[in-house]
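The next block holds one structure in the form of structure tokens; read it before the comments.
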Amino acid sequence: MAPGADQAAGWGLVSLAGFIFTYYSIWVIILPFVDPDQPIHSYFLPRVYAIAAPLLAGVVALFLIACFVLYVTVAPKKEKKS
């Protein structure tokens, strides 16, 4: 069993991921079918960000993965001491 602080951090991250998933799902799937004059639209960003934010996150993630792979393949190897 994880210690208290690790378990609390894990539950916090799971809760955050659940909130983001729910928010994004409502934003992308349900909100287009709601009339634009309803007050629920004030809680969400404009629809263009529904595509731009994940696209930007994906580009940044691919860039970081590429940097890591480049570092691992090009970095000089350290010799083992016997």
Side-chain angles (χ1 to χ4, degrees):
M1 197 79 192
D6 291 341
Q7 192 171 14
W11 276 110
L13 289 173
V14 168
S15 300
L16 178 66
F19 173 76
I20 291 172
F21 176 77
T22 305
Y23 180 88
Y24 188 79
S25 297
I26 292 171
W27 187 21
V28 172
I29 297 171
I30 297 173
L31 208 59
F33 298 106
V34 177
D35 290 333
D37 58 343
Q38 295 294 321
I40 192 171
H41 281 277
S42 64
Y43 296 109
F44 296 91
L45 293 171
R47 241 179 256 149
V48 68
Y49 294 114
I51 301 299
L55 182 66
L56 180 65
V59 168
V60 169
L62 287 175
F63 175 74
L64 292 174
I65 291 169
C67 287
F68 174 74
V69 168
L70 186 67
Y71 174 75
V72 169
T73 57
V74 174
K77 307 286 186 224
K78 294 183 180 179
E79 294 182 16
K80 295 182 181 178
K81 292 184 179 181
S82 302

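In the displayed structure, Tyr23 atom OH is contacted under 6.0 Å by more than 12 heavy atoms of other residues, nucleotides or ligands.
Under the 4.5 angstrom side-chain criterion for Ile, Leu, Val, Met, Phe, Trp and Tyr, the cluster partners of Leu70 are Val74.
Partners of Ile30 under the side chain to side chain contact (heavy atoms under 4.5 Å, CB included) rule, at least two apart in sequence or in another chain, are Ile26, Val34. Considering only residues two or more places apart in sequence or on other chains, Tyr24 meets the ring-ring contact (aromatic ring centres under 6.0 Å, His included) condition with Trp27.
Under a hydrophobic clustering in which Ile, Leu, Val, Met, Phe, Trp and Tyr are joined whenever their side-chain heavy atoms come within less than 4.5 Å, directly or via other members, Leu45 and Val48 fall into the same cluster. Phe21 and Phe44 fall into different hydrophobic clusters, where Ile, Leu, Val, Met, Phe, Trp and Tyr are joined by side-chain heavy atoms under 4.5 Å apart, directly or via other members. Both Ile29 and Ile40 are part of a single hydrophobic cluster, where members link through side-chain heavy atoms under 4.5 Å apart. Cluster annotation: Val60 and Tyr71 are assigned to distinct hydrophobic clusters (Ile/Leu/Val/Met/Phe/Trp/Tyr, side-chain heavy-atom contacts under 4.5 Å, transitive).
Put simply, OG on Ser25 and CD1 on Ile20 are 11.5 Å apart, with the number rounded to the nearest 0.5 Å. Here CG of Leu16 is found 14.0 Å from CH2 of Trp11. Values are rounded to the nearest 0.5 Å.
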